[in-house]
Structure formats: structure tokens, C-alpha cells
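Accompanying notes for the structure given below.
So that the names make sense, note that chain A is the first sequence line, chain B the second, and so on, each numbered from 1.
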Amino acid sequence: VEFEFLLNDVMQKISLEKKEGFYVFFDGQKTYKADIQHISPHQISILIDDVSYRVYIAKDKESRYFLIDGQVFFVKEPTEEAEGFHKEEERTAEGTLLIKAPMPGKVIKICVSEKDEVRKNQTLAIVEAMKMENEIKAPKDGTIKDIHVSAGDLVDSEMPLIELEP
Amino acid sequence: MFKKILIANRGEIAVRIIKACQEMGISTVAVFSDADRLSLHVQIADEAIGIGPPPAVESYLDMDRIIQAAQKTGAEAIHPGYGFLAENAAFARRCEKERIVFIGPNSDALELVGDKVRSRQTMEKVDIPIIPGMKGIVKDISAIKIEARKIGYPVMIKASAGGGGKGMRVVFDEKELIPSLEAGMREAKSAFGDESVYLEKYIEDPRHVEFQVLADNHGHVVHLFERECSIQRRHQKIVEETPSQALDPELRARMGETARKVMQVSRYNNAGTVEFLLDKDKNFYFLEVNARLQVEHPVTELTTGTDLVHHQIKIATGEKLPFKQEDLEQKGHAIECRIYAEDPHNNFLPSSGKILYFKEPQGPGVRHDCGIYSGWDVPIYYDPILAKLIVWAENRETACQRMIKALDDYVILGVKTNIRFLRDLIGHPQFRKGETTTSFIQDHFADWTGEKDSEKMQTLALLAAAFDSMQEISSGRGSSTAKKEAYSPWLSIGKWRLGGK
């Protein structure tokens, strides 16, 4: 069976089959035989050529998280949207840049007004989360098109704060 | 001895104190905001009282509600932990008035050392070395430029009421002064309910060395040696250790005696910490007294064989210290790492959400003070500290190795943490050499991105994901996993080296 996953936001594939109590997988280049056992809902033990690996696993609605040898991996099911996903910036239909809250918190201060011209890295707003102030900076030079929040508002992660016209 | 103590705090420190009370046969009362109903400290306490909405000013900082909770449950004493009301003299005074024992210093001492400006003046009078700075708090924003010029840039803005880096800003030139001042005051206001700030000379590249002190109500004061807390990010300590690599026995004795003198002059009682800055030439300056149990207290406990919370409670009941200065010695080496819910790959932004799975490291010499569990939602309202990992070993090198192993074994899935960052930090050659100053992270970790995931680990993650999907399918739980025929072009994920781990 072939599986496609978004592994840390990069599309990857693997093929896995069960044969005589073992698992055979193909990583795109070679085929290997592995003994894979679920130890608990959160632990998987893998033996490949007598080498032992401990894998921890946890899931929420969208993602699966794996921890192997101190490294965390996020695995998502591939979706149409995810494939075209670009992290750095998001544009609205009119071509303005949407600046979003990076984490849930409280808007402490909006440092700009509509129609202001701003420079790249200029502080646009201050959002407080977990008692620390975090400055939200302009990703590009531009003009402030719209401000969606005001000081004192509680915002959620990914909530649009400010629209910037580059 | 007390029969019942209320713990006016949350998170790992509330858990730590509740456990100490339980060991001593004392009943415990937890308090919680609406955001903490399911937090660990609520679960393990004997009684738990809701004290209001999530914002700290309406719950953990609300003196009336906490006093009411103590009266309602008949608690004879309140342990404030660290942060929140721990260093609030008005609260200590209020407790005294209500005949509830405040487990901490007396309100006069707390007021003196809590007022960083007045305490500096007091220390200056008895020849305790201090950093050049303002004689008073900032009252008039327009006059501040003159003060800053007098001290000489770079200057540091510090909150009069607090610690932990909240409200703190370094200002390198006059342009930045007013905006930094405003930001510092806002942060101080929201963290401590008091926006007073002051200025002092910023000493570049110092070490941060502090001394733990215990003082009973009968005038006996001992120090339990130093902790080095130079590893800081945004003035927030993240790694602490003892002994410090910068002290020799002579300097240690001198600083320790100075710390005792600071506490004697302040007429301080209970546990407290005297903070010093140590410059490159081994001059030390008194910074401030942290009038509370410190986050990093476990490293002292492990190297001196003491339990500071037990001592705090015993001192508060009026017991005499069971040891003299000459009875105390340091044994071995201890290191603490603070585990934060934050994303080191994204400017250390706080990360909230559900902890889907959590497994703590264990083993000889490993201690884990923690306020979290699998399934707990990390709230957005409070400091992002999740837990503290502390190791003890016979010497520093072994302690570093033990810490690295413990960090490798630490599993938190669901929220982002700084574990990987801490691991690289402890593994850094300069850290291993003991070359730690407060600019360590800026100097060596400003561009940290972490080791790239090895191809082999990626393959293992894919394998585990495929295995898990297969199990879901076969158990009928279903999965949306796309199963396609194998003729689409492969994205190469590289070579698997057989046998090698």
C-alpha cells in the first residue's frame, strides 16, 4: 500500500506491506524488512536489521506527531490546500498582504493607522501572550490598508490583524 | 506545625509546594482560575478553591479572593510560590493583619528589598558594591533623558516591582529610550500590577551569580552557596547550575558573606536569594534580592542535600535553623533546564494547545518538577514554563552528559517546546567549557535552526505514520489516507544505511 504524507510540510511517500508477520517497506530506492509493534497507544517499537528504534506517537484532529531520537515530526494527510500552502505570507483577493496573529493573545497596542506608509520590519502591533510582549512587524514596505483589531482585543492564532498593501 | 496551608500559585511550583506539604503531613488548599480548573495542582491538592477568571489580575493577583479562600478553608498559612503575589509587601501585610502566616519574609523586609531603589540605597550605605544607576524610579518621562545621559549608555530599564525579565529593556541610544520605557512600563504593569521602572548602567557580558540564603526568625542567617544563571534569553533564565565555574573558594566565601550581610541589613527572614553581577575582572555588584523561593532552587537542594520548601515552612512556624554556616557544603554538580512551551524555530513565540502525550525522563540523578500531564491544555494566560528538568552528578561534565541524555529522553507531543534548543545549548563546546555569560545565547545561538532532520529519521517517521494508518484501516477506524498506485514519481528521501544507528 502506498501512502502519501506531508512530513514537516513536505510531501513524502512510502509504500508498506504486511508479509508473514513482518512489514516490508520501500522508501523510493530500496526495500527493507521491518518488525513493527505497537507497545501502547503512544509507543511503537521498530526493529530493522536488528537495530531498535523507539517511536512515540500522538494525534489530534489534523496531525500526527512523532518523536524519534529526540526529533519531533509532524505528519499531515495531504490536501489540495496544503500542497499550495505558502507559509510566509497570505494575500487577499485584492492583492494585499494579510498579517495574522502568530499566537493567541491580547492586542496591547496598534502602532499604525490606516493609510500609514510603513517600512519592512517596522512594528505594526504588539500582542501579549503568556505575559510577554511580542512585536508584530511588517513583512514588507507598504501602506496600511485595513486594521481589523484594536487594543484590548483578544485574538486567536491566525486571526487577521492588519492588511498591508505592498 | 501548620495543619493546613494554602498555595497561592499554579503550575509546577504549586505542585512542588503541595508535595512538600504532603510529605510533612500538612493538608493543602489549591487555588485556581477558570483556565486552570483541570491543572495538575488542583488535582493533587486536598482542597481546591476557584478564585476567578483567567487573567491573573482577576484571580492569582486578587488578594481579597485569596484571603477569602484561606479563611473559608481554615488555612493557617499561605505559600505564595514565585511570581504573582510572592513579593508583594501589601499582600504579606494583609496576611499579617488577617492572622494568616505568609510563608516568606516579613512585610517590612519585603517592602525594603522589593523596592529596588531603596534597597540599593540601603546597601550602598553599608558598603555593599552596587551598579551605578538612578537614585529613584522614573516619575517624569521628560527628565529621564538627562538621567540616562548621566549614567551613560547603554542603560538598562528595570521594573521596580519584579524580576524574571518582565519589564526589562536594554537601551543603547537615546532614540530607543522613550519607546523602550513605555513598553517596559506596560509589561511591568501587566506582570506585577505596578508600572514603576528605574534605570541603571548596563554591564556588558557579565555573569549572573546568585546566592541562596535561609534566615530564621531568630536572627540566624546562612547561605547555601551560589547558582550561576547566566544562560538567559530576553533576560529570562533558562539554564541554571551550581557550582559556578567562575568562582574559586575565596571569591565564593566573600560573595557568600556579602549575601548574608545583605539579608542581615534588610532584617530578612525565610528563604531568599541575593543576586549579583560578576564582571570579566571578577568584580561583583549587588543587583537585588529575590524575596521568594526561586524557580531554580532545586539545583541548590541537590548539591547541599536540603529541602528549601521544608525549611521555608519550618522557619515560618518559628523553628530555628538546624544548621550553621560551617555545617553546609556543596557536593557534586547540578544543572537545571527550564522547559517552556515555545517555538524555538519561530522566534520563541509561546505555544499553547493540548499536550497530546507526555513522558518524563527518569534515571539516577534526574529530577523533574512539573505541572503538566498528557491531555492537558496549556493556557495562554500565564508564563509558558511547563516543567523543570534537573540533574545531579559527581562533576560538571557528567552532569552535562546526564542532562543531554535526559533531554533526549523527554517526550512532549502536541505543543512546541524548547527541548531541542536546550539540548544543543548544553552540548555546545563553550557551555561545556563553562564559558557562560549573559550574552551566551546571543553570541552562539542567535541563528540557531537546529540540526536538520536526518533522512533516516524522516524515513522512520514515514514508516511509523504508514504503519499507524494501516492499523487504523484494519481496525476499521478508517482513514482518509490517500492510497494510490505506485507509479507516481518518487520523491527521493535518500539512502538508508543498513545497520548503522
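- Contacts between A/Ile46 and chain B at a heavy-atom distance below 4.5 Å involve the side chain alone, from C-beta outward.
- Among the residues in residues 36-43 of chain A, those with a non-hydrogen atom closer than 4.5 angstrom to a non-hydrogen atom of chain B are A/Ile36, A/Gln37, A/His38, A/His42, A/Gln43.
- When all heavy atoms of A/Phe3 and B/Ile473 are compared, the pair lying nearest together is CE2-CD1, 4.3 Å.
- Both the backbone and the side chain of A/Ile57 come within contact range of chain B, each with at least one heavy atom under 4.5 Å from a heavy atom of that chain.
- Remark: B/Lys416 qualifies as a cation-pi partner of A/Phe74 under the 6.0 Å distance and 45° angle criteria applied to the six-membered ring.
- Residues A/Ala58 and B/Leu356 approach most closely at CB-CB, 3.5 Å, considering heavy atoms.
- Residue B/Tyr410 touches chain A through its backbone alone, counting heavy-atom pairs closer than 4.5 Å.
- Here the shortest heavy-atom pairing between A/Val75 and B/Ala465 reads CG1-CB, 3.9 Å.
- Per-residue heavy-atom pair counts under 4.5 Å with chain B were compared for A/Val55, A/Asp60, A/Asp50, and the maximum is reached by A/Asp60.
- Looking at A/Tyr23, the atoms closer than 4.5 Å to chain B (heavy atoms on both sides) all sit in the side chain, from C-beta outward.
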**OP:** Give the C-alpha distance, both sets of side-chain angles, the deciding distance and a yes or no for salt bridge (Lys or Arg N to Asp or Glu O under 4.0 Å) between A/Arg64 and B/Asp468.
**Re:** CA-CA 10 Å; A/Arg64 276 180 283 182; B/Asp468 185 61; 2.8 Å; yes
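- From B/Gln458, atom CD reaches atom CZ of A/Phe73 across 6.0 Å, with rounding to the nearest 0.5 Å.
- Proximity of A/Lys59 to B/Glu472: side-chain heavy atoms (C-beta onward) are separated by under 4.5 Å at one or more points.
- Within the 4.5 angstrom heavy-atom criterion, no atom of B/Thr417 approaches chain A.
- Of the two parts of B/Arg423, neither the backbone nor the side chain holds a non-hydrogen atom closer than 4.5 Å to a non-hydrogen atom of chain A.
- Atom CZ of A/Arg54 and atom CG of B/Asp409 lie 7.0 Å apart (nearest 0.5 Å).
- Of all the listed residues (B/Val411, B/Ile419, B/Asp408), the one sharing the greatest number of non-hydrogen pairs under 4.5 Å with chain A is B/Val411.
- What you find for B/Arg420 and A/Asp69 is that their closest heavy atoms are NH1-O, 3.6 Å.
- Note that CG of A/Asp27 is 9.5 Å distant from CG of B/Leu463, once rounded to the nearest 0.5 Å.
- You'll find the side chain of B/Arg186 reaches within 4.5 Å of the side chain of A/Lys109, heavy atoms only.
- Using a 4.5 Å cut-off between heavy atoms, A/Ile44 touches chain B through its side chain atoms alone.
- Here the side chains of B/Thr459 and A/Phe25 are in contact, with some heavy-atom distance below 4.5 Å.
- To the nearest 0.5 angstrom, A/Leu67 atom CG is 5.5 Å from B/Leu413 atom CG.
- Between the CG atom of A/Leu16 and the OG atom of B/Ser469 there is a distance of 9.5 Å, given to the nearest 0.5 Å.
- Atom CD1 of A/Ile68 sits about 11.0 Å away from atom NZ of B/Lys456, to the nearest 0.5 Å.
- Summarising the geometry of B/Met470 relative to A/Lys18, their closest heavy-atom pair is CE-N, 4.0 Å, with the distance given to 0.1 Å.
- Looking at A/Lys106, there are no atoms closer than 4.5 Å to chain B (heavy atoms on both sides), in backbone or side chain.
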